[in-house]
There are 2 protein chains.
Amino acid sequence: MIVIDYKDRRPIYEQIVERFQELILKGILGADTQLPSVRNLAMELSINPNTIQKAYTELERQGYTYSVKGKGSFIAETDILLKKKKDEILEAATLLVKVAKEYGVSKDEFINAISNGFKEEA
Amino acid sequence: MIVIDYKDRRPIYEQIVERFQELILKGILGADTQLPSVRNLAMELSINPNTIQKAYTELERQGYTYSVKGKGSFIAETDILLKKKKDEILEAATLLVKVAKEYGVSKDEFINAISNGFKEEA
DNA sequence: CCATCTGTACTATGTATATTAATACAGTTA
DNA sequence: TAACTGTATTAATATACATAGTACAGATGG
């Protein structure tokens, strides 16, 4: 479920946060699903429990999960999160267009690169 | 010409590298233009000369500049660099499409966000 | 009630990176 | 020769990341 890439220069806790966000937003982990316990996941990944906790704290801060002392950490409702993610993607697209224009990438080149991406399968 | 953003979490030398890349790629600094000396720019930005040197070393490594001991650092030929930059932008666009698809952003939504960006002025 | 699981908090340590500081050396130029 | 260039080196400091160990509070099943 979770894999740490040690060649990745980003911190471990950040990789874990991002991976769970992905699993949650893609519906692989549904609402109220229990996450692995801090200690179990740390054991499984052979890293320190504190690093997992840091990731879980961040996930909760961002609204992806909720934690109950003594019970565990659980997936939150994802409707708003998915909407937010889509908005982020569209915003990133708009920003990229801005940069493309600044560096003289033509609209045709740009649209072409994008259409190819959408063309493949439905 | 160069401004350091201390609210930015990225290192100073990296901000300087990026800023010069921008100035070079946009033609604001043409080929063979002399860059500010390590010590002068350090003084102007109120930071350590070593930090500037780190930025200059990186710029040279990436082919944006060339340095001559005793003379100074100068802007390199930019034709290939600009081409490379455009390719990076198109590659980023392709990647963004991939992510958009994964999260269920429709082609229409996506193309719409992009067209608006290109629409404004020529 | 108790053992064992959960999240959470805290201190200490090791390490890597970024930055500053202070020199020093080599090459250019007026 | 003086004053400028890039370049190299060593040391000190600050911060972030990760590990290690311990502790506490709440939940739960026997």
For nucleotides 22-25 of chain D, list the nitrogen or oxygen atoms of the protein found under 3.5 Å from its nitrogen or oxygen atoms, one pair per line.
{"from": "dA23(D)", "atom 1": "N6", "to": "Arg39(A)", "atom 2": "NH2", "distance (Å)": "3.4"}

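Thr57(B) comes within contact range of no nucleotide atom at all, as no heavy-atom separation falls under 4.0 Å. Counting non-hydrogen atoms under 4.0 angstrom, Glu14(A) reaches nothing in the nucleic acid.
Counting only heavy atoms from C-beta outward, the side chains of Ile12(A) and Leu45(A) never approach each other to under 4.5 Å.
Checked for salt-bridge contact, Lys83(A) and Asp87(A) meet the test: a charged N lies under 4.0 Å from a carboxylate O.
Applying the side-chain contact (heavy atoms from CB on, under 4.5 Å) criterion to Glu109(A), with sequence neighbours excluded, gives Val105(A), Ser106(A), Leu90(B). Partners of Tyr64(B) by ring pair (Phe, Tyr, Trp, His ring centres under 6.0 Å), not counting sequence neighbours: none found. Residues satisfying the side-chain hydrogen bond (donor to acceptor under 3.5 Å, both in side chains) test with Asp108(A), not counting sequence neighbours, are none. Every residue two or more places apart in sequence or in another chain that forms a ring pair (Phe, Tyr, Trp, His ring centres under 6.0 Å) with Phe74(B) is listed here: Tyr66(B). With sequence neighbours left out, the side-chain hydrogen bond (donor to acceptor under 3.5 Å, both in side chains) criterion links Asn48(B) to Asn50(B). For Asp32(B), there are no salt bridge (charged side-chain N to carboxylate O under 4.0 Å, His left out) partners at least two apart in sequence or on another chain.
Rounding to whole angstrom units, CD of residue Gln34(A) and C1' of dT28(D) are separated by 12 Å. Rounded to whole Å, the distance from CG on Asp8(B) to P on dT15(D) is 17 Å. We find that CD1 of Ile16(A) is positioned 14 Å from C1' of dT19(D), with the value rounded to whole Å. Atom CZ of Arg9(B) is separated from atom C1' of dC17(D) by 16 Å (rounded to the nearest Å). Computed from coordinates, the Lys54(B) NZ to dT9(D) P distance equals 15 Å when rounded to whole Å. Atom-to-atom, CG of Asn48(B) to C1' of dA8(D) comes out at 14 Å; the value is rounded to the nearest Å. Counting to the nearest Å, the P atom of dA18(D) and the CE atom of Met43(A) are 20 Å from each other. Note: CG (Asn40(B)) to C1' (dG6(D)) measures 13 Å, nearest angstrom.
Applying the 4.5 Å side-chain rule to ILVMFWY residues, one finds that Val3(B) remains a lone member of its cluster.
Across the interface with DNA chain D, nearest-nucleotide mapping of Thr51(A) and Val38(B) shows Val38(B) to be the residue nearer the 5′ end. Both Pro11(A) and Val68(A) lie near DNA chain D, and the one whose nearest nucleotide falls closer to the 5' end is Pro11(A).
Counting only residues at least two apart or in different chains, side-chain hydrogen bond (donor to acceptor under 3.5 Å, both in side chains) contacts with residues 16-31 of chain A comprise Arg10(A)-Glu18(A), Arg19(A)-Glu22(A), Gln21(A)-Gln62(A), Glu22(A)-Lys26(A), Lys26(A)-Glu102(B). Note on residues 48-58 of chain A: pairs passing salt bridge (Lys or Arg N to Asp or Glu O under 4.0 Å), not counting sequence neighbours, are Glu58(A)-Arg61(A).
Judged by distance alone, the side chain of Thr78(B) and the main-chain N or O of Leu81(B) form no donor-acceptor pair under 3.5 Å.
Boundaries of the chain B contact region on DNA chain C are dA18(C) to dT29(C), first to last in 5' to 3' order (nucleotide atom under 4.0 Å from a heavy atom).
For Ser37(B), no side-chain nitrogen or oxygen approaches OP1 or OP2 of dC4(D) to under 4.0 Å. At the phosphate of dG6(D), neither OP1 nor OP2 sits under 4.0 Å from any side-chain N or O atom of Lys71(B).
Consecutive pairing runs in DNA chain D reach the stem threshold at C:1-30 with D:1-30, where a stem means at least three Watson-Crick or G-U wobble pairs with distances under 3.5 Å.
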